[in-house]
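No experiment lies behind these values; they were computed from the predicted model shown. Letters go in sequence order (proteins before strands), and every chain restarts at 1.
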Number of protein chains: 2
Amino acid sequence: MSTVDTTTSPSGPSRSNLGARTGIATVCLSGTLEDKLAAAAAAGFDGVEIFENDLIASPWPPRQVRQRCTDLGLSVDLYQPFREFDAVSPDVFTANLRRAEHKFDVMEQLGSDTLLVCSSVSQDAAHDDDLIAEQLHTLACRAAERGIRIAYEALAWGRHVNTYDHSWEIVRRADHPALGLCLDSFHVLSRASDPAGIGDIPGDKLFFLQLADAPRLDMDVLQWSRHHRLFPGQGAFDLSAFVGRAFAAGYTGPLSLEVFNDVFRQSDPGRAAVDAMRSLLFLQEQVEVGHPAVPQDRARVTELPPAPDLTGHAFTELAVDDASGKQVANALAGLGFTHTGQHRSKPVQLWQQGSARVLLNTTEPSASNESGAAVSALAVDSADPTRSARRAEALLAPVLPRTRGADEASLAAVAAPDGTSVFFCRTDDDAGWPADFLSTGRSPEAGVGLTRTDHVALTQPFDHFDEATLFYRSVLGLHPENPTEFAAPFGLVRSRAVTDPAREVRIALSVALLRRGEEWAPGVSAPQHIAFATDDIIAGARAMRARGAPLLEISGNYYDDLDARLTLDPELLAAMRECSVLYDHDEHGEFLHCYTEVLGSRIFFEVVQRIGGYTGYGTTNAPVRMAAHRRLRVARSTGAPLNER
Amino acid sequence: MSTVDTTTSPSGPSRSNLGARTGIATVCLSGTLEDKLAAAAAAGFDGVEIFENDLIASPWPPRQVRQRCTDLGLSVDLYQPFREFDAVSPDVFTANLRRAEHKFDVMEQLGSDTLLVCSSVSQDAAHDDDLIAEQLHTLACRAAERGIRIAYEALAWGRHVNTYDHSWEIVRRADHPALGLCLDSFHVLSRASDPAGIGDIPGDKLFFLQLADAPRLDMDVLQWSRHHRLFPGQGAFDLSAFVGRAFAAGYTGPLSLEVFNDVFRQSDPGRAAVDAMRSLLFLQEQVEVGHPAVPQDRARVTELPPAPDLTGHAFTELAVDDASGKQVANALAGLGFTHTGQHRSKPVQLWQQGSARVLLNTTEPSASNESGAAVSALAVDSADPTRSARRAEALLAPVLPRTRGADEASLAAVAAPDGTSVFFCRTDDDAGWPADFLSTGRSPEAGVGLTRTDHVALTQPFDHFDEATLFYRSVLGLHPENPTEFAAPFGLVRSRAVTDPAREVRIALSVALLRRGEEWAPGVSAPQHIAFATDDIIAGARAMRARGAPLLEISGNYYDDLDARLTLDPELLAAMRECSVLYDHDEHGEFLHCYTEVLGSRIFFEVVQRIGGYTGYGTTNAPVRMAAHRRLRVARSTGAPLNER
């Protein structure tokens, strides 16, 4: 998808550079137990939590699972869950002890020494701390005889015990060396419990830490937990504070992920496991940076170079074929860009206006880019491209090998989750990438006043939206904004931007809330676009129109509604209507923007003017744009005339 | 997909046979406004509610939308929504009146005389009934001057006004003839409000009825409303009581659907609109049957023949190619079936055991059935096949034309939402379908004791799960059971069965909770199977194994877990383990079942023994079965040896 060869060279993850052991619950991943273990090992995890249902469905007896884990270099750190053990009547308790003994047999064969016991959710659970403590004490005695430990966990929806401090109170009363706590970040942070109290728990009573992030949602906590957990760094929870507290208290066990997520449950487990491991690498960096009091050997991630500052979009590369290439070149000319350079050795054109730069890379039509034109690479200017690349590699980004001519600049690049190449550049370096382009003799004119690339917007593959957020956050050091959701003509769309603190680099990610089936409106689901900034969009739009830019016409109804809702300057409103410029505002400022038609089947351009401190992307207008694009597509595919406005 | 020609003949829906006018909000459907209007008209709706955002994004000015609706035979019954009008300060009120006048202009051009005004959800909304009534009175005065009516609706999450009785109190105080109520069934029933109070509202104050069903969910009501509404008959609400109350109170407006649903928002609007219209036809029948006090002209659905009793599965037809046909035939022989008949004119075999019957229809490999073997038809025995077919047609089921020989039985058939043909038969009729088969000379032996078809299980296309429930419920008169959800190895699965009251016909529908991408585990997502009943599964399984049936081996871990959890008769447990028979129980009884391997790429068989009044389908064991099927697939595709158990 890029000027470079995209064969990825998966860097074998090393385990030695981590302060804490890493683990993942098999329930995080899709597939059979066999699939999951292979994926966890390939991503470099030290251990796994075996989710009971995965074992039950596996053809491998526990001893064989143990052998397979040993072969893969994985320890079995936890067997889970054991439900509805305590707060029961004596006869049920007897049956539960029998059940536990059976599970101890399984654990012995598995080579796992810790059993997760969840607090009861039964309607019948006795509200009796002493009874619960006594029953857990008995269980711990039985477990100890088998060399097994019991990690007791308060579920956030537990009937009687549902906070970590209550579970600690139970464990304290039960007072048995084989009984300790499992703290799950979701159960603690979903209830907005203060993790400070973790510091009061003796470290040797913290048997296990399960980590999950999540978006803030106002819904039943059980459903929230079962469907919407995320890997650390993808959601809204402060995992680094949580882990920092546990480390400070003396926790010495693994950092283990337990993430129930509808999308991950059906995604390629190999990909998901790498995403998961990346989340732990990044989390440990955050713990190290944010919690210097934590003992050095617990959080040290020695080989993760800090993210260098980014100073802007160096260029965006489009892969085009002959037909779409001409269409895109014409559109760029209409937008005031000049074809200033030609690559020394490749069929790549450089188009420029101000500091906005677009590369057109003509590829064979039969290449991976079927749609005629697509974003193949994002290039960001980094204060230290080499360090950016080292960091990306340390964070398991697939490194892209580069083929280059003898005199050409070496650009380090990795593949983003959607396959886009990400280049780390220094445009101001004399030996940098611009030197690879021979001048066409045309210098960039003033154009229509576009100054720079404002953002690049990429529809993500359905399975990889949250992965992409974490990728850009961890690898590039960008900050994720709050996700938004809107109703587009063809279904709900989730959107989330990542930016650097100075907002020099902005990447807007989006994804359909449900994977689109493409059954009745094919091709509408994965648009990509590049937005360029201007200081005067009205003048710019008039100039672009005069140059024949294929600007997208916006419905008059849109302006009637603006007029009804807002009291805009009538002259501005008239000009916006004339120029098909759309409007948005937030508490910081205003946003005016216009679009081109779709070029090829998925690419278009946007021109934006930010007034004041507006931080958004005009997402509220996206449905209007989508409907207008759809209208053109239908009209052109059916040959029907466009209706008059 | 069947022995009959499957070219559908869409029956042109007639509008004359309905007691009440029918409507649909454009927000129910996917696409642009242009797409939505075409779909609503094609499905036979009388009118539409125009959702404002759809109009804003449309290139058509309101007058052109009106003309298009006129051309399509649609009235514009409502313009909606107008938000945050009332409970505001005087200056905001002035701006809101200006906004309303702009919208009145739009409505005049649209030819719509009713505006939906929602109760305020703003944090700043005044908790002052008199102020709200006064402001709505002013709005109604302005509206009346334009010949427009205001329909005020209490949103379930309204800040101050959030129940229908409160909205009625406001309207009563405001006391203006151009001000009335819009009652939305979701807002009323989601809050478990008693709809009995609707009877106390004068009929002429009921300006508009919006209908939506929904599953019972324990979540934020706003999110529930925005994502999970369903068409009537697909969820858990008693819409017929709601509508019956409104009719009894004297409501004379349309029955109009307003359904926000994540799946419908991205599905083919033509299909969704037919589903929607079917829901209203069925609802009116329920109102008629359940509320005889309702004036006859309001609820009469004169052309909907009652659903005849069903007495069982007549046969299930599999489309096979040469290779999969042999595989399936061998499996049926292993299961104790006999090839008893051969179709007079088609390459169709009849296999029988007890009253379980399977047809194998050999089709060209290049036919629609790519997967080698698939369920092409379900046939049910009906007390009156002709009436069943007439009902299906009246409920907009696509009628399948039949090609038959001169002496062959005429079987009425329609297409189910997943494309399966549904035949209405009388197996005991001398001139019925069995007469089309020439005897092979082999009479069915005792076989292995399979007595009948217990159920047919069909994975539904992602977009059509709820449509399928309503199809079987309305067309066949089956009762939907509560949906269940389970974690399968490749993602979450939702499952819902439909049965007749005597449980002679059982169809188990399932769907992935997220559309599967098929990216890493292709082909695992759409299995289908036929389950046969027996009174002694252990003896049956032993006999099947002796005959070489390809029974699916179940993991020993499964039995170890059964042993830990339950105190089963050790002899039974040992026999189950030996025979790979799985176990489930509910409050009514027990369930023992076993499976075959997958034949072709998606078909398999199940044998079940129901003990006592067990009503389920062993769904809890589905993940174990799926993992076992996956294991075989991987082993066979890689040529790797199966691991020993």
If only atom types and distance count, is the side chain of [X] paired as donor or acceptor with the main-chain N or O of [Y] below 3.5 Å?
X: B:N557; Y: A:S58; value: yes
X: B:R99; Y: A:R565; value: no
X: B:R516; Y: A:Q266; value: yes

Go through the atoms of [X] and report whether side chain, backbone, both or neither lie under 4.5 Å from a heavy atom of chain B.
X: A:L33; value: neither
X: A:F462; value: side chain
X: A:L55; value: both
X: A:V263; value: both
X: A:P62; value: both

Rounded to the nearest 0.5 Å, what's the gap from [atom1] on [X] to [atom2] on [Y]? Could you check?
X: B:D220; Y: A:D220; atom1: CG; atom2: CG; answer: 11.0 Å
X: B:R226; Y: A:E485; atom1: CZ; atom2: CD; answer: 9.0 Å
X: B:L514; Y: A:D262; atom1: CG; atom2: CG; answer: 5.5 Å

Atom of [X], atom of [Y] and distance for their closest heavy-atom approach:
X: A:P59; Y: B:S555; result: CA-CB, 3.9 Å
X: A:A564; Y: B:R98; result: O-NH1, 3.4 Å
X: A:F490; Y: B:G31; result: CE2-CA, 3.7 Å

When [options] are compared by non-hydrogen pairs under 4.5 Å with chain B, the top option:
options: A:D268, A:D560, A:V624; value: A:D268
options: A:M219, A:Q223, A:K103; value: A:K103
options: A:D35, A:T32, A:L513; value: A:D35
options: A:R625, A:R265, A:E34, A:R515; value: A:R515

Under a 4.5 Å cutoff for heavy-atom pairs, which residue among [options] has the most contacts with chain A?
options: B:L492, B:V106, B:L29; answer: B:L492
options: B:E52, B:K36, B:H227; answer: B:H227
options: B:P623, B:A627, B:P269; answer: B:P269

Query - Side chain, backbone, both or neither of B:D463 within contact of chain A (heavy atoms, under 4.5 Å) - result: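 Answer is side chain: those atoms of B:D463 sit under 4.5 Å from chain A.
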Query - Under 4.5 Å from any heavy atom of chain A - which part of B:S267 - result: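 Contact with chain A: backbone only.
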Query raised in the report: Should A:D563 and B:H102 count as side-chain neighbours, where that means a heavy-atom distance under 4.5 Å?
Result: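 With C-beta onward as the side chain, the pair touches.
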